[in-house]
Amino acid sequence: MKLKKEFITHDSEEGQVMVAAGNAGFSGLVRSNHTAAFIVDQLKSETTEEQIVEAMASRYEASREVLVRDVKGILAKLRSIGAIDE
């Protein structure tokens with residue numbers, strides 16, 4: 001899976017902002033905290049849910065259960081706006 005090219009991100013001190021450009025089928029702005037931004041950044045290249053969880057585990061001190069829940073939640077939101085190519 002990968003973030004669709006129509007979704008552009010911008011990082012700031014507060015987190016990340018993602019906008020849909022072109023014919024993305026979504027018009028709006030998505031604000032992400034640093035954890036969600038990390039997940040979105042992982043999607044900038046071809047990856048799997050498991051690879052994202054592993055990347056999160058190497059960066060954040062949290063239980064695997066929490067990491068899996070967070071990744072699944074963010075991916076579900078991104079899917080709901082059509083931001084992911086599966």
Among all residues two or more places apart in sequence or in another chain, which pass the side chain to side chain contact (heavy atoms under 4.5 Å, CB included) test with Val19?
Ile8, Val17, Leu29

For Ser63, what residues pass the side chain to side chain contact (heavy atoms under 4.5 Å, CB included) criterion, not counting sequence neighbours?
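Expected list: Glu65, Val66.
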
If you apply the rule side chain to side chain contact (heavy atoms under 4.5 Å, CB included), what do you find for Phe7 with Ile81, and how did you get there?
CA-CA 10 Å; Phe7 287 82; Ile81 63 168; 4.0 Å; yes

Grab the two heavy atoms, one from Leu75 and one from Ile39, that are nearest each other, plus how far apart they are.
CD2-CG2, 4.5 Å

Are any of the side-chain heavy atoms of [X] and [Y] separated by less than 4.5 Å?
X     : Y     : result
Met56 : Leu67 : yes
Ile84 : Lys2  : no
Leu3  : Gln42 : no
Thr35 : Ile74 : no

Qualifying ring pair (Phe, Tyr, Trp, His ring centres under 6.0 Å) pairs, either residue in [range], two or more places apart:
range          : result
residues 51-86 : Phe38-Tyr60
residues 63-86 : none
residues 61-86 : none
residues 64-86 : none

Residue pairs fulfilling side-chain hydrogen bond (donor to acceptor under 3.5 Å, both in side chains) with at least one residue in residues 18-34, sequence neighbours excluded
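Every candidate side-chain hydrogen bond (donor to acceptor under 3.5 Å, both in side chains) pair involving residues 18-34 fails, so no pair, neighbours aside, qualifies.
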
Which pairs with one or both residues in residues 74-86 pass side-chain hydrogen bond (donor to acceptor under 3.5 Å, both in side chains), sequence neighbours excluded?
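Qualifying pairs: Arg79-Glu86.
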
Please list all pairs meeting salt bridge (charged side-chain N to carboxylate O under 4.0 Å, His left out) that have one or both residues in residues 3-24, counting only residues at least two apart or in different chains.
none

Determine which pairs satisfy salt bridge (charged side-chain N to carboxylate O under 4.0 Å, His left out) with at least one residue from residues 38-54, sequence neighbours left out, and list them in order.
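Matches after skipping sequence neighbours: Asp41-Lys44, Glu49-Lys72, Glu50-Arg64, Glu54-Arg64.
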
